[in-house]
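Let me begin by presenting the structure, written as structure tokens, before commenting on it.
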Number of protein chains: 2
Amino acid sequence: MQEKLESLCERVQRASDVGDLQAATEQLRDYYDVAHIVYHWVNSVGERFGAGTYSQEWVDRYVEKDYLRMDPVILGCLQRFNPVDWKELDWSSRASRDFLREAINFGVGNQGLTIPIRGPAGQFALFTASDHCDDYVWAVFVDENMRDLMIIAHEFNKKALEFEQGGDSAPVPTLSPRELEAMTYLAKGLSRSQAAKEMEISEHTLRVYIEAARHKLGAMNTTHAVARALSRGLIVV
Amino acid sequence: MQEKLESLCERVQRASDVGDLQAATEQLRDYYDVAHIVYHWVNSVGERFGAGTYSQEWVDRYVEKDYLRMDPVILGCLQRFNPVDWKELDWSSRASRDFLREAINFGVGNQGLTIPIRGPAGQFALFTASDHCDDYVWAVFVDENMRDLMIIAHEFNKKALEFEQGGDSAPVPTLSPRELEAMTYLAKGLSRSQAAKEMEISEHTLRVYIEAARHKLGAMNTTHAVARALSRGLIVV
DNA sequence: TTCTGCCTCCCCCAAAATGGCGAGGTCACA
DNA sequence: TGTGACCTCGCCATTTTGGGGGAGGCAGAA
């Protein structure tokens with residue numbers, strides 16, 4: 001069992017493009033004997049990629065109808081940390097039930113487990129296994145395989161992040177200690193004069209730091225600089 | 001081995017307060033026969049809790065000196081997804097080297113593996129195993145136990161989130177769609193007038209959104225509001 | 001040694017953001 | 001039939017920021 005997990009992970013690690021990830025989902029589906037395995041990077045802008053075994057018709061329909069914005073699986077996972085069994089979600093609204101009915105018609109399955117994955121800079125992705133079966137069989141599957149699926153989900157996301165970095169590589173700039181301090185105070189809401197007082201330097205000096213940080217971060221203004229410093233993990237607020 | 005992982009996880013799951021988590025770290029340290037096991041919730045304000053086997057002296061010193069802001073482990077993990085071996089980090093700056101020397105003097109260990117964990121609303125935590133040993137022994141340890149440690153780290157964070165929800169549930173404010181849009185443009189560096197143009201509304205209306213968002217987020221100014229929106233995962237840049 | 005990066009301080013002034021006062025409309029929910 | 005949340009717009013005065021100029025000292029690296 002452990003060896004099998006290892007080989008499944010290696011399969012993902014060897015992937016060199018999205019097509020390989022796609023193939024890996026198919027292999028996983030067959031190995032676990034479920035209806036579907038899907039990895040899906042959920043971006044604010046709605047782009048980035050996904051790989052999975054859903055039918056093209058369902059994916060197209062999903063995109064076309066912008067289901068991303070009302071899919072209870074996504075909305076639920078955005079607020080949770082632990083893997084989510086679809087049964088735990090809120091299907092009460094009418095829109096949810098219509099969505100569920102349609103999903104089942106498209107062969108998605110009546111049971112599902114979705115693992116939320118979070119990366120740096122607010123990155124967010126989902127890894128889902130779904131199947132057609134009764135509650136008991138599904139509960140056994142989840143109980144036996146959740147841990148392994150979490151590890152595999154992690155591997156998928158690691159690959160996805162690698163692919164992204166390969167594309168637009170972002171060289172993370174280095175801020176000097178005082179620059180970091182200045183950015184931190186600003187991120188905490190202090191004004192220039194307050195931050196200067198806190199750092200026990202003149203406001204002019206503080207300005208020099210802020211401008212230096214702005215330049216290094218390629219930011220257009222202070223707010224932008226703080227946002228970049230935060231999302232690149234240079235500072236913690 | 002699998003059964004042991006199960007029992008270690010259950011130990012964490014049964015925890016009903018931070019003291020139990022503390023005890024769990026000690027048990028893990030003894031089980032894996034390493035110098036330290038630490039779970040540490042890194043929060044915006046710098047509070048929240050941690051549980052681990054570091055000496056009280058080191059923890060006090062760490063807090064007193066505000067090492068949080070320059071600890072290469074934290075800064076490195078903030079930008080990574082995968083578990084990080086301390087050797088992979090950037091120890092080049094003078095401050096880093098001083099920090100490392102001091103950490104070793106306090107018995108932290110010369111080897112370490114830190115797993116970054118991210119939860120909803122920008123939550124961020126670290127799970128660390130550290131030891132005194134040579135590179136080879138450490139590499140073997142990491143290779144054999146990383147997967148299990150990832151699962152255990154997940155369990156710790158799950159518990160931590162449960163405790164938080166029970167305690168002072170951080171009321172994550174809900175921003176309206178337009179408010180989110182406004183904050184996103186600001187975080188991208190657009191000025192008010194540019195953002196207003198982008199959203200095809202008057203600059204004044206945009207101001208209303210920004211002020212509403214500021215209030216909801218309890219922020220003192222726009223930069224603060226953007227920083228909070230980002231670190232709570234409300235917006236993604 | 002020279003050079004580069006970092007830290008510190010000062011001036012002036014234009015541009016932008018903020019804080020306060022208004023106003024009116026839709027839409028859903030109770 | 002309110003009530004509240006959301007979206008939209010205007011003006012005024014004050015504060016904060018940003019973009020230019022400068023300056024010197026002190027480290028570590030080439």
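Computed from a predicted model, the values in this text were never measured in an experiment. A note on names: the letters A, B, ... follow the listed sequences, proteins ahead of strands, and every chain is numbered from 1.
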Problem - For B:His224, ring pair (Phe, Tyr, Trp, His ring centres under 6.0 Å) partners two or more places apart - result: none
Handout entry: Set of ring pair (Phe, Tyr, Trp, His ring centres under 6.0 Å) partners for A:Tyr185, sequence neighbours left out
Key =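 So A:Tyr185 forms no ring pair (Phe, Tyr, Trp, His ring centres under 6.0 Å) with any residue.
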Exercise for the section: State, without any angle test, whether A:Gln111 and A:Asp134 hold a side-chain donor-acceptor pair at a distance under 3.5 Å. Expected result: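 No, no side-chain donor-acceptor pair sits under 3.5 Å.
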Whole-Å gap separating [atom2] ([N]) and [atom1] ([X]):
X	N	atom1	atom2	result
A:His215	D:dG19	NE2	P	7 Å
A:Leu206	C:dC10	CG	P	13 Å
B:Gln194	C:dA15	CD	P	15 Å
B:Leu186	D:dT17	CG	C1'	15 Å
B:His204	C:dA17	NE2	C1'	14 Å
B:Ile201	C:dG25	CD1	C1'	15 Å
A:Ile210	D:dG18	CD1	P	7 Å
A:Met220	C:dA17	CE	C1'	16 Å

Problem - Ring centers of B:Phe156, B:Phe127 separated by less than 6.0 Å - result: yes
Practice task
On the 0 to 90° scale, with breaks at 30° and 60°, tag the A:Phe81-B:His154 ring pair as parallel, tilted or perpendicular.
Solution key: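 It falls in the parallel class, under 30°.
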Practice task
Mind telling me whether A:Trp58 and A:Phe99 have parallel, tilted or perpendicular rings, with 30° and 60° as the class edges?
Solution key: tilted
Practice task
Among the candidates D:dC6, D:dG18, C:dG19, find the nucleotide nearest to the side-chain atoms of B:Ser176.
Solution key: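 Comparing D:dC6, D:dG18, C:dG19 against the side chain of B:Ser176, the answer is D:dC6.
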Handout entry: Closest to the B:Glu211 side chain, choosing from D:dG10, C:dG19, C:dT8
Key =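 Between D:dG10, C:dG19, C:dT8, the one nearest the side chain of B:Glu211 would be C:dG19.
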Base, sugar-phosphate or nothing for [X]? Non-hydrogen atoms, less than 4.0 Å.
X	result
A:Arg178	sugar-phosphate
A:Thr205	base
A:Ser191	sugar-phosphate

Exercise for the section: Ignoring backbone atoms, establish whether B:Lys216 has a side-chain N or O less than 4.0 Å from OP1 or OP2 of D:dC6. Expected result: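 Affirmative; the distance criterion is met.
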Practice task
Determine: side-chain N/O of B:Ser193 to OP1/OP2 of C:dA16, distance under 4.0 Å, yes or no.
Solution key: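 Indeed not, no polar side-chain atom of B:Ser193 lies that close.
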Exercise for the section: May I ask you to decide whether B:Lys159 forms a salt bridge with B:Glu155, counting only side-chain N to carboxylate O separations under 4.0 Å? Expected result: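 No, this pair does not count.
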Handout entry: Comparing B:Leu175 and B:Glu203 on DNA chain D - which has the more 5′ nearest nucleotide
Key = B:Leu175
Exercise for the section: Identify, between B:Asn221 and B:Met199, the residue whose nearest nucleotide on DNA chain D lies closer to the 5' end. Expected result: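 In this pair, the answer is B:Met199.
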Exercise for the section: Quick one: do B:Leu100 and B:Trp86 satisfy side chain to side chain contact (heavy atoms under 4.5 Å, CB included)? Show the steps, please. Expected result: CA-CA 10 Å; B:Leu100 178 61; B:Trp86 291 358; 5.6 Å; no
Enumerate all atom pairs, one protein N or O and one N or O from nucleotides 27-30 of chain C, separated by less than 3.5 Å.
none

Give each protein N/O atom lying under 3.5 Å from an N/O atom of nucleotides 21-30 of chain D, with the pair distance.
{"unit_1": "D:dG28", "atom_1": "OP1", "unit_2": "B:Arg94", "atom_2": "NH1", "d": "3.3"}

Handout entry: Base of C:dG19 paired with side chain of B:Arg207 (donor-acceptor, under 3.5 Å)
Key = yes
Problem - Results of side chain to side chain contact (heavy atoms under 4.5 Å, CB included) for A:Ser191 - residues two or more places apart only - result: A:Ser193, A:Gln194
Completion exercise
Sorted by chain and residue number, the side chain to side chain contact (heavy atoms under 4.5 Å, CB included) partners of A:Val208 (sequence neighbours excluded) come out as none
